[in-house]
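Convention: sequence-line order gives letters A, B, ...; per-chain numbering from 1. Please read these numbers as outputs of a predicted model, since none were measured by experiment.
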Protein chains: 2
Amino acid sequence: MTLNGDAKLPEAATPEGRVNGITKDTNGAPTAATNDFTTTNGSPSPPAYQSHPLGPLSRGEIAQSSGLIRAYWPAGTECHFKVITLLEPAKAQLIPYLAAERAGQSPVDIDRRAFVVYYFKGTHNLHEAVVNLTQNKVESNVKLGPFIHANGDGEELVAVEKALLAHPDVQAEIAKLKLPDGAEVVADPWIYGSDGVKDGKFYDDKRVMQCFLYMRDPQNSSEADSCHYAFPLPISPVVDPATLELIRIDIMPTGLDEKVKAVQPWQPVPPSEYIPEAQPQLRTDLKPLRVVQPEGASFAVENFSEMGKLLRWQKWNFKVGFNQREGMVLYDVHYDNKPLFYRLSLSDMSIPYADPRHPFHRKAAFDLGDAGAGIMANNLQLGCDCLGSIYYISGVLSGSDGQPVDMPNVICVHEQDAGIGWKHTNYRTNRAVVVRQRELVLQTILTVSNYEYILSFIFNTAGDVTYEARATGILSTQPLDLDLTTTPHPYGTVVHPGVLAGFHQHFFSLRIDPMIAGHGNSIICDEAVPLPRDAKLNPHGVGFTVKHTEIDTSGGYDLDASRNRVYRILNPAVRNPVNGAAVGYKVMVPPMQTILADTDSFHYKRAEFADRSIYVTKYAEGELYAGGLYTNQSRGGTGVRSWADRKDTLRAGDPVMWVQFGINHIPRVEDFPVMPVETLRVMLRPVNFFDKNPALDVPPSTQAVNCSVALNRDEEVAGKMQGLSVGGVNGKLAECCGTHGG
Amino acid sequence: MTLNGDAKLPEAATPEGRVNGITKDTNGAPTAATNDFTTTNGSPSPPAYQSHPLGPLSRGEIAQSSGLIRAYWPAGTECHFKVITLLEPAKAQLIPYLAAERAGQSPVDIDRRAFVVYYFKGTHNLHEAVVNLTQNKVESNVKLGPFIHANGDGEELVAVEKALLAHPDVQAEIAKLKLPDGAEVVADPWIYGSDGVKDGKFYDDKRVMQCFLYMRDPQNSSEADSCHYAFPLPISPVVDPATLELIRIDIMPTGLDEKVKAVQPWQPVPPSEYIPEAQPQLRTDLKPLRVVQPEGASFAVENFSEMGKLLRWQKWNFKVGFNQREGMVLYDVHYDNKPLFYRLSLSDMSIPYADPRHPFHRKAAFDLGDAGAGIMANNLQLGCDCLGSIYYISGVLSGSDGQPVDMPNVICVHEQDAGIGWKHTNYRTNRAVVVRQRELVLQTILTVSNYEYILSFIFNTAGDVTYEARATGILSTQPLDLDLTTTPHPYGTVVHPGVLAGFHQHFFSLRIDPMIAGHGNSIICDEAVPLPRDAKLNPHGVGFTVKHTEIDTSGGYDLDASRNRVYRILNPAVRNPVNGAAVGYKVMVPPMQTILADTDSFHYKRAEFADRSIYVTKYAEGELYAGGLYTNQSRGGTGVRSWADRKDTLRAGDPVMWVQFGINHIPRVEDFPVMPVETLRVMLRPVNFFDKNPALDVPPSTQAVNCSVALNRDEEVAGKMQGLSVGGVNGKLAECCGTHGG
């Protein structure tokens, strides 16, 4: 590696002049290519669908992108690729394309472009480039300024861990612990965060990793899946992931205050394992429960591009993309051929910690921008992650060498029963009509070191879309003096002897780019307000009404349960056929405690979305990520708060809605060694969009279809206590598919 | 009917001297009977379990109760029984009983008592009595004062409808509508509510019913299940349900203001039907989805009394009762032999409406106290209301004649999969451990005229208990002038031409009588609070901590998401073995807009729980229902607000927690003619109660057990679009039970 990264720099710009300008360089002119989605021309070109502008990059396009970047530089230049991802076309180009596609016409092709972020290998020289895949050329390349850093990646994690454990200074500190013979020390490299402090010779303008050291159970060191988070060590090396240099070793405070002691010999504590074979006993009384769809699933999947999937289910149809950062992205969501959402994705995530002591004060992970919900996505396993009849969507992303990396089974698609969807019993006739609620779930799971997020879009038969986030995995732990185990700690919960799990917050930002009944949407805030007493109008003091306020300026907005405040996206140009109201969808958001770090803190400045439940911005190209394009060691100033602060006047068609929700995680002992899911849901629900209950035509729930099994027939005959048991499935199915019930 | 109700009145009391005194008359001395739960003595007495003090009244006990009441009065006295229900023993008696039972000892028997509410038939003379079933005698009988009214019942609904439709004055008003030939008018008698107004000759000290008139689709009058709520009529008779007298006829305002017009000829509007055969087309593409438990369910059920059920599932065990008012009640809830909850039930419900105009201003239903979640419970049908392997619990309640009424299948019990319960992937080894979350659901559904509530207790494998309420059914509609169909209405949403669905609020009150790790519980309020900047302690402004405040005085308390306020029930005497914290359960409550009716209104005064998310009272016998013992046309002054206002000093063991949650129902067109469920959940979740994740011993999710079906194998081979379909269940089961996945 000889190139220092400044050798050839054909284009350079400050980030300010660039971040929102990426797509301004895009050549919007239509090309002559005719390989559109709906026709084939018999030419030897790749399959027609490859040209779809929303298709995730194909294997070939990824290799083409990195090849073009490499060819852009002198031979022998080594690049460490961070992101090679689809650069989506500008909305102005894409809307007519999608409209033509839906109309069965031939859309005007749009050049395919890739967005590429890379370092010169072994350096801090970060570049971003736009590659025109259709024209096979690098359209722009920019060297990014200081304080802009790309995400970490898995290859670095492994290299950093290996390098630091081999470093004599780290080994010298570890030696002071006098660990048991055979102890296996492991290191979780963490994103460094920001504090703006020039700390001795180090200023955080370079990308570094703060590494947390742990030990596997020393009684069982050969078990590679021993939960090392039960053995946190007080030594925290800071490493440069580009050069693998050790920058310094932080020693952690392990008491109640900020004082740091010299490393002391380790004192034995028991392990806490999550792997099943380490449990004293597993439950033996949980009987199998299976979801069976004997006639197959109700959904259909097509490819709209080599990697893009079009899903159809119960009047819904939408395109599914998958990229390095957001993971699953939905485009062009329609119900019953009515447009609803142009683009839906989890835009960002921030997890700031409460512990104000060095080095914990910088802990604030942005798991999407600092790592990537796509690249960290689990390979989902049949019967483990997904129950029932499952369709798996796989992805292709890029490795640090710029070559495609297969990401198998990153999204699972399945149906589930969600209990009763609606019911009414006529008490005069005693006739009940019951309709169950069926849901279609698209689930993806990411692992970022210790932690897991299970993220789903859920569609139902009543026109609702739900975004669900389940937090699970293992708490990020830190060492605590053993004699403090039963002392309340100001910044965390003791979850195991010698193990503190710090208080932290989780913030999620869901980006909603709507097209309810078409483009031209507005956002309204509804509030229920009591009417004043009035001898004529409200003589008994019981009256209330609903007040509507249009969001006419970009900005941050709050929930307020005391006013039943609801944000509603509506299309003022399209009226409900029954009551003439503007058709709309409301956004049902769980309340959260906004970020507790103060407004001068870097936690606050960086998490540009963590201070308001709702942000509304005026649509602008390139504004996809609530915390800005580069979150790693970011300093703030770019992200949804900054965009909203433009105070743009909003007109119909402008607004993009950013919905923030979160968890204040005050750990419980029950969250260790692995935590039961903590679940949050945001629901998008039609309001005067349909002309009646959209689930009215779902066939009623009947025993003939559902084949449930009555358990208490035998018991009632016997008339006494007994354990319940039902025979083999086949016999019961034959029996239950008859006519009783329904 | 000659007896006027004052003929013989051996005991009388003002309600004030009585309401909390019912159990004070109870003879707490043990009897000599030995037919306890755990032994049998071979005597000809009924089965041993009949004496269990928490067993719902048996058929025999119901008949015995009404028989004793009838025998208490002169021969020929006719009673209209409203409630004959178990009078639960005082806590001071029951705690040692349950402790002995659990210890396998012979508990000291407690006399069985019934609480009986009845009218002298055809009169407004209301009595409540306590019957000692063990001693076969009436222990107390009280004639209740004015403004105390019993619940309505189904027999009255039918009689009132019949009487009013036959009344010439009502017929004369209906005639003015000039309805089409063959039109079928129906009347939904509603609880009257309160306004404290002396209206001409009528003052609401007598129990009356406000009846809402509708018509079935005149094009299809013979269809008894035609949705008459699509044809509301402006005529509202007020009827005395005791005498069936017509008191007056209210004519409704049908415009935007309070003005009332003379009844106009009806103008044709189309129907809106929910029955499946009336739909233009039902979906044909929703494939069957079945839940199969080939080895049976994982739970076991025993009788602990003739009608009481003891459930055991996944370390949980608890007793299930069922009564006229609350429906499903849980007692003595334990997990892994650790006590958690002494009693859990939905305590009350209030649904005040927004329309301030006469007669709508009194619409405020208390569906438990005014009707009864037990007596209105649906007979649940296999494969319709419940999917999978289902155990049904049946109840016995009383009819107006005092005889037992079988209530079959009022609770369904089943297991369900709730997605992933916890997961972690070790990125070094790529080994994932996934545990699914299994839930046990106890579901009951009540129909109160137009509306349905689906109410469930849900237990899971991680120690959580969730109370879920789903609101569905048909909106209570009122007529609107046809020319106002597309005009925004201040008090409701137009859901169909000529049909206004009024804004309203739903308030639920869940009563939690805790015994976390035993009796002696306290309640703490936790808040996350930012730390001030401090050069030493919080130099970067990121610190926060948790503040704990004990609830030491009875009162009403609020949620506050901005402080992450969480109420936690804990046992200060029992410490977590890991960290020494008091063991506890937190109560996760969805926020609500509290009641909008002003504090001088009867809506507010009557719904004594609708103004605060949390009430905490000092335990007192007889205080079970948040809106007081008698809600029908209640005037307030009795209920949880009044009890909390005693400002009792709370000590460990005193607090009872009342959790309020609700829906502000601003109807959507989508809510008609039947509404998709609106779902609310309250979760009770362990906090430092266990010594680790309680679901750690749940066996990992494996394909060998779950037998999921991969859908895209064939499609991936074909490499092109296709509809998905899976073959018959048997073949797939055989195939999938192999070794892949897991």
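- For the set A:N576, A:V495, A:V542, A:T545, the count of heavy-atom pairs under 4.5 angstrom toward chain B peaks at A:V542.
- Ring centroid separation for the pair B:H540 and A:F602 does not come in under the 6.0 Å cut-off.
- Per-residue counts of heavy-atom pairs under 4.5 Å with chain A were compared for B:T594, B:T461, B:T493, B:D671; the largest is that of B:T461.
- By the side-chain contact (heavy atoms from CB on, under 4.5 Å) test, B:T486 is found to be paired with no residue, residues two or more places apart in sequence or in another chain being considered.
- Looking at B:L289, the atoms closer than 4.5 Å to chain A (heavy atoms on both sides) sit in the backbone and in the side chain alike.
- For B:V687, the side-chain contact (heavy atoms from CB on, under 4.5 Å) partners at least two apart in sequence or on another chain are A:R668, B:R568, B:K586.
- Counting only heavy atoms from C-beta outward, the side chains of A:Y274 and B:V433 approach each other to under 4.5 Å.
- Both the backbone and the side chain of A:N664 come within less than 4.5 Å of a heavy atom in chain B.
- Proximity to chain B involves both the backbone and the side chain of A:L537, based on heavy atoms less than 4.5 angstrom apart.
- Salt-bridge formation is not detected for the pair B:D417/A:R290: no Lys NZ or Arg NE/NH1/NH2 atom is positioned less than 4.0 Å from an Asp or Glu carboxylate oxygen.
- Looking only at distances, no side-chain donor or acceptor of A:S298 sits under 3.5 Å from a matching main-chain atom of B:L286.
- Among the candidates B:T472, B:T447, B:D385, the single residue satisfying the side chain to side chain donor-acceptor pair (under 3.5 Å) test with A:K423 is B:D385.
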Assess whether side chain to side chain contact (heavy atoms under 4.5 Å, CB included) is satisfied between A:H424 and B:E452, documenting all intermediate values.
CA-CA 6 Å; A:H424 182 59; B:E452 264 76 15; 2.8 Å; yes
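- Exactly one of B:E670, B:Q279, B:R283 qualifies for a side-chain contact (heavy atoms from CB on, under 4.5 Å) with A:L696. That residue is B:Q279.
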